[in-house]
Amino acid sequence: MYDFSFHRQLVNWYKKVCRVLPWRENSDPYRIWLSEIMLQQTQVSTVIEYFNRFIKSYPNIEALNQANEEDVFKLWEGLGYYSRARNLLRCAKTIVEEYNGIFPKDLQKLKKLPGIGPYTAGAIMSIAYNEPVPAVDGNVMRVISRYRMLEINISDTKNRSVFEEEVMALMGGAPREFNQALMELGATICTPKQPKCLDCPVKEGCKAFKNGTAEQYPVKLKKIQKKVVKMAIIILEHQERIMIVKRPNTGLMANLWGFPSVPYTDELPEFTVNQHMKDEFDLEVIIRELEEGPKHIFTHLIWEMQLVKCSLKNTKDTIKPIEFPEIQWVRREQLKEYAFPTAFRKLFSML
DNA sequence: AACTCGGGGCG
DNA sequence: CGCCCAGAGTT
């Protein structure tokens, strides 16, 4: 059954209230793509400045294709989910080399590109190319769950198709405006807590509103328990330079810079730290001072950071970058030139 | 299907 | 402090 009023009310509302955002200046697929990648699990207000800086450095796909990864990471610093930045470059390379610099207007081809999944592919198809394709994100699942009072678990990936079919059943036209309107509604009116139902343009047809149970949706069963990890952060200083290491190319905060770090389970980190520095870097250190650092909360774990300030035992050991190219010794004022995740940047004032 | 991957905002 | 978010990749 086609619900004409839903489409009309929603799109009219969107045209009135839609926010002025830098990636809405035009429909350039490059800008739409970049904004959608940045917006994955990230708030609009956070993305705006990152987006503007990025576009200034790399205004088009050809410019990005010639960038080096280190510079891209620096622009991404603090935004999180850093694999997005690496996939961004890989994707740019593919677009230039295999698609002549033009994003394919093809859902299946888009989905195969690095960093582009079902949501982002749908967003590019609809927002950049105005093609009638669903773009189902967390906002859309919440809006649709409430509108239809769907009792299905949005954490279950196999239910994605249910929402995609519901979206297509409601999409009467203007896919570019319609998909953005759905998300805008979820972000501003149909919010997770205390939704502003009285201001909603589609409240007449909303089952959950009629039932007075909007806040009970969407159904979400999965819950994750955060593990607490005691992390020794090793601040090794020699001749006014601090040792930093490039993190491995997989895992947490891959390829970003950090201080040598090692989890420990003892009451105190000394033993683990000495062993770690010997095993990983063949360095013997003298521990000068312990200082309790801040907690840092990730999606699935919590770091309780303990700063371990050290100096070298043998000064002839000072620098062995030949065997360990991922090590740098830098002055305090140089630290900001490297791309650090927020967990480490928090510590700069404690050094 | 379950797990991994950041950080900020909010009540 | 717990929950939420314009999700995707890996296993």
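Proteins come first, then strands; the chains are lettered A, B, ... in the order of their sequence lines, and each starts at number 1.
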Undergrad: With salt bridge (charged side-chain N to carboxylate O under 4.0 Å, His left out) as the rule and sequence neighbours excluded, what pairs involving residues 61-75 of chain A come up?
TA: Glu70(A)-Lys246(A), Lys74(A)-Glu77(A)

Undergrad: Over 60° means perpendicular and under 30° means parallel, so tell me whether Phe281(A) and His276(A) are parallel, tilted or perpendicular.
TA: perpendicular

Undergrad: Nearest heavy atom decides the nucleotide; on that basis, is Thr157(A) or Gly80(A) closer to the 5' end of DNA chain B?
TA: Thr157(A)

Undergrad: dC5(B) C1' sits how many Å from Trp303(A) CH2, rounded?
TA: 12 Å

Undergrad: So do Glu215(A) and Lys193(A) actually touch side chain to side chain, heavy atoms under 4.5 Å?
TA: yes

Undergrad: Contact class for Met253(A) vs. all strands (heavy atom < 4.0 Å): base, sugar-phosphate, or nothing?
TA: sugar-phosphate

Undergrad: Can you tell me the distance, in whole Å, between the NE2 atom of His296(A) and the P atom of dG6(B)?
TA: 9 Å

Undergrad: Starting at CG of Asp156(A) and ending at C1' of dC3(B), how long is that distance when rounded to a whole Å?
TA: 15 Å

Undergrad: What string of B, S and - do you get for nucleotides 4-10 of chain C, 5' to 3', if B is base contact, S is sugar-phosphate-only contact and - is no contact with any protein heavy atom under 4.0 Å?
TA: SBBBSS-

Undergrad: Rounded to whole angstroms, how far apart are CG on Leu301(A) and P on dC3(B)?
TA: 14 Å

Undergrad: Report the distance from atom CG of Asn255(A) to atom C1' of dG6(B), rounded to the nearest whole Å.
TA: 16 Å

Undergrad: Whole angstrom is fine here: how far is it from CD1 in Ile302(A) over to C1' in dG7(B)?
TA: 14 Å

Undergrad: Report yes if the side chains of Trp13(A) and Ile189(A) come closer than 4.5 Å at any heavy-atom pair, otherwise no.
TA: yes

Undergrad: Measuring only the P atom in each nucleotide, how far is dA6(C) from dT4(B)? A whole number of Å is fine.
TA: 24 Å

Undergrad: Mapping Thr342(A) and Gln194(A) onto DNA chain B by nearest heavy atom, which one lands closer to the 5' end?
TA: Thr342(A)

Undergrad: Can you tell me how far P of dT4(B) sits from CZ of Phe298(A), to the nearest Å?
TA: 14 Å

Undergrad: Could you label the plane-to-plane angle of the Phe298(A) and His296(A) rings as parallel, tilted or perpendicular, counting under 30° as parallel and over 60° as perpendicular?
TA: perpendicular

Undergrad: Of the options dG11(B), dC5(B), dC1(C), whose atoms approach the side-chain atoms of Leu252(A) most closely?
TA: dC5(B)

Undergrad: Whether His300(A) contacts dC3(B) is assessed here as follows: a side-chain N or O lying under 4.0 Å from the phosphate OP1 or OP2. Is that the case?
TA: no

Undergrad: Which value, in whole Å, describes the distance between the P atoms of nucleotides dG9(C) and dG8(B)?
TA: 24 Å

Undergrad: Quick one about Gln40(A) and Tyr119(A) (side-chain donor to acceptor, distance below 3.5 Å, no hydrogens or angles considered), yes or no?
TA: no

Undergrad: Does Arg84(A) count as lying over the ring of Tyr81(A), i.e. NZ or CZ under 6.0 Å from the six-ring centre, within 45 degrees of the axis?
TA: no

